[in-house]
K.L.:
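Structure incoming, see below.
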Amino acid sequence: MSAPPVRILIVDDEPPIRKLLRVGLTTQGYTAIEATNGKTALERMADSAPDLVILDLGLPDIQGHDLLRRWRDENNLVPVIILSSRTDEAGIVDALQLGADDYVTKPFGVNELLARIRVAIRHRLQQQGEKPVFHTGELSVDLVRRIVKVGDEEKKLSPKEYDILRVMVQHAGKVLTHNYLLKQVWGDAYDVQYLRVYVRQLRQKIEPNPEQPRYIKTETGVGYRLSEGN
């Protein structure tokens with residue numbers, strides 16, 4: 001028996017956007033479920049149990065941030081990708097801090113969104129059965145033995161550099177905000193510049209070209225994203 005199709009809930013009040021997403025998703029074998037406002041989104045979440053949500057922040061009744069906060073407060077870990085015309089960094093950061101898995105700004109390319117969907121779904125599956133050794137390109141991280149290699153060459157990292165990389169590995173493919181990384185690694189409030197210094201040092205050790213990083217990508221004004229694993 002084949003696996004049931006992945007159900008994706010589209011929460012957006014713009015009919016052309018919903019149509020574009022519905023066509024793009026169904027051609028890839030996904031089942032599209034639609035909600036035009038926050039109230040309907042809550043109902044669809046309860047009765048359809050979607051595998052992923054594409055969420056617009058600017059809804060006519062309940063704001064996307066409030067929906068996301070409610071789902072996470074209920075310990076609902078369904079992957080959520082923010083799709084919004086809002087490009088202000090504060091709104092994006094707030095959504096990621098509330099537990100969004102990724103974000104795409106309008107106007108958007110369907111192929112890019114489909115790629116983000118695949119990453120978000122894989123990330124959730126990996127969290128359920130996390131692999132002890134992570135690979136992306138030539139970079140490998142052994143989370144059990146704490147060994148980091150680029151190709152066959154072992155890299156010596158400081159404890160903080162390793163901790164930053166470990167957190168990124170556990171969330172590979174997902175945007176991590178500056179504040180999230182600071183809290184996970186240091187536990188207290190530190191200046192973002194402090195984090196940037198360590199990321200710069202880490203890139204010097206693991207990137208083929210630290211000035212054009214292949215593995216640790218910068219999300220300007222938001223945070224960092226580690227390339228998805230092989």
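Scope of the values below: all heavy atoms of this structure, side chains included, with no hydrogens, waters or symmetry mates.
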K.L.:
If you round to the nearest 0.5 Å, how far is CD1 of Ile164 from CG of Leu195?
P.N.:
5.5 Å

K.L.:
Please lay out, stage by stage, how Val78 and Asp51 fare under the test side chain to side chain contact (heavy atoms under 4.5 Å, CB included).
P.N.:
CA-CA 6 Å; Val78 62; Asp51 299 294; 5.8 Å; no

K.L.:
Work out which heavy atom in Ile81 is nearest to a heavy atom in Ala120; give both atom names and the distance.
P.N.:
CD1-CB, 4.3 Å

K.L.:
Look at the side chain of His65 and the backbone N and O of Gly58, then say whether any donor-acceptor pair between them is shorter than 3.5 Å.
P.N.:
no

K.L.:
With the threshold set at 4.0 Å, does a side-chain nitrogen-carboxylate oxygen contact exist between Arg7 and Asp47?
P.N.:
no

K.L.:
Got a sec, which residues hit side chain to side chain contact (heavy atoms under 4.5 Å, CB included) with Lys205, two or more places apart in sequence or on another chain?
P.N.:
Leu157, Glu161

K.L.:
At their closest point, which heavy atom of Arg44 faces which heavy atom of Ile33, and how far apart are they?
P.N.:
CD-CG2, 3.6 Å

K.L.:
Provide the full list of side-chain hydrogen bond (donor to acceptor under 3.5 Å, both in side chains) pairs with a residue in residues 22-33, sequence neighbours left out, each pair given once.
P.N.:
Arg22-Glu34

K.L.:
For Phe108, enumerate each residue passing the ring pair (Phe, Tyr, Trp, His ring centres under 6.0 Å) test, keeping only those at least two apart in sequence or located in another chain.
P.N.:
none

K.L.:
How about CD on Gln212, more than 12 heavy atoms from neighbouring residues, nucleotides or ligands closer than 6.0 Å, or not?
P.N.:
no

K.L.:
Tell me the closest heavy-atom pair linking Val93 and Gly221, and the distance in Å.
P.N.:
CG2-O, 3.9 Å

K.L.:
Keeping Asp101 on the side-chain end and Val80 on the backbone end, is there a donor-acceptor pair under 3.5 Å?
P.N.:
yes

K.L.:
For the pair Thr136 (side chain) and Glu228 (backbone), establish whether a donor and an acceptor sit closer than 3.5 Å, ignoring hydrogens and angles.
P.N.:
yes

K.L.:
I'd like to know if the side chain of Asp61 and the backbone of Lys39 have a donor-acceptor N/O pair within less than 3.5 Å.
P.N.:
yes

K.L.:
Any side-chain heavy atom of Ile82 within less than 4.5 Å of one from Asp102?
P.N.:
no

K.L.:
Does Leu59 offer a backbone N or O that forms a donor-acceptor pair with the side chain of Gln63 under 3.5 Å?
P.N.:
yes

K.L.:
So that I can tick it off, tell me whether Lys149 and Glu153 are bridged by a salt bridge, with the cut-off set at under 4.0 angstrom between side-chain N and carboxylate O.
P.N.:
no

K.L.:
Quick check: closest heavy atoms across Asp142 and Tyr162, and the distance to 0.1 Å?
P.N.:
O-OH, 3.8 Å

K.L.:
Would you check if the side chain of Arg72 reaches a backbone N or O of Asn76 as a donor-acceptor pair within less than 3.5 Å?
P.N.:
yes

K.L.:
Could you pull out the closest heavy-atom pair between Leu25 and Ala32, with the gap in Å?
P.N.:
CD1-CB, 4.4 Å

K.L.:
How many angstroms lie between atom CG of Asp12 and atom CD1 of Ile54, to the nearest 0.5 angstrom?
P.N.:
9.5 Å

K.L.:
With sequence neighbours excluded, tell me which residues meet side-chain hydrogen bond (donor to acceptor under 3.5 Å, both in side chains) with Thr40.
P.N.:
Asn37

K.L.:
With hydrophobic residues grouped by side-chain heavy-atom distances under 4.5 Å, do Val119 and Val53 end up in a single group?
P.N.:
no

K.L.:
Can Glu14 and Arg18 be counted as an ion pair, charged N to O under 4.0 angstrom?
P.N.:
no

K.L.:
According to side-chain hydrogen bond (donor to acceptor under 3.5 Å, both in side chains), who are the partners of Arg203, at least two apart in sequence or on a separate chain?
P.N.:
Thr218

K.L.:
Mind checking whether Val192 and Trp186 sit in one hydrophobic cluster, side chains of I, L, V, M, F, W, Y counted as touching below 4.5 Å?
P.N.:
yes

K.L.:
Does the side chain of Tyr215 pick up a donor-acceptor pair with the side chain of Glu138 at under 3.5 Å?
P.N.:
no

K.L.:
Partners of Tyr224 by ring pair (Phe, Tyr, Trp, His ring centres under 6.0 Å), sequence neighbours excluded?
P.N.:
His178

K.L.:
If you measure from the Lys or Arg side-chain nitrogens to the Asp or Glu carboxylate oxygens, is any gap between Asp73 and Arg70 under 4.0 Å?
P.N.:
no

K.L.:
Rounded to the nearest 0.5 Å, what separates atom CD1 in Ile92 from atom OG in Ser84?
P.N.:
7.5 Å

K.L.:
If I compare all heavy atoms of Leu68 with all of Ala95, which pair ends up nearest, and what's the gap?
P.N.:
CD2-O, 3.3 Å

K.L.:
Is a side-chain donor or acceptor of Ser227 paired with a backbone partner of Arg214 at a separation under 3.5 angstrom?
P.N.:
yes

K.L.:
Is there a side chain to side chain contact (heavy atoms under 4.5 Å, CB included) between Val141 and Val133 once you walk through the steps?
P.N.:
CA-CA 6 Å; Val141 183; Val133 181; over 6 Å; no

K.L.:
Ignoring hydrogens and angles, tell me if any N or O in the side chain of Arg225 forms a donor-acceptor pair with the backbone of Leu176 under 3.5 Å.
P.N.:
no

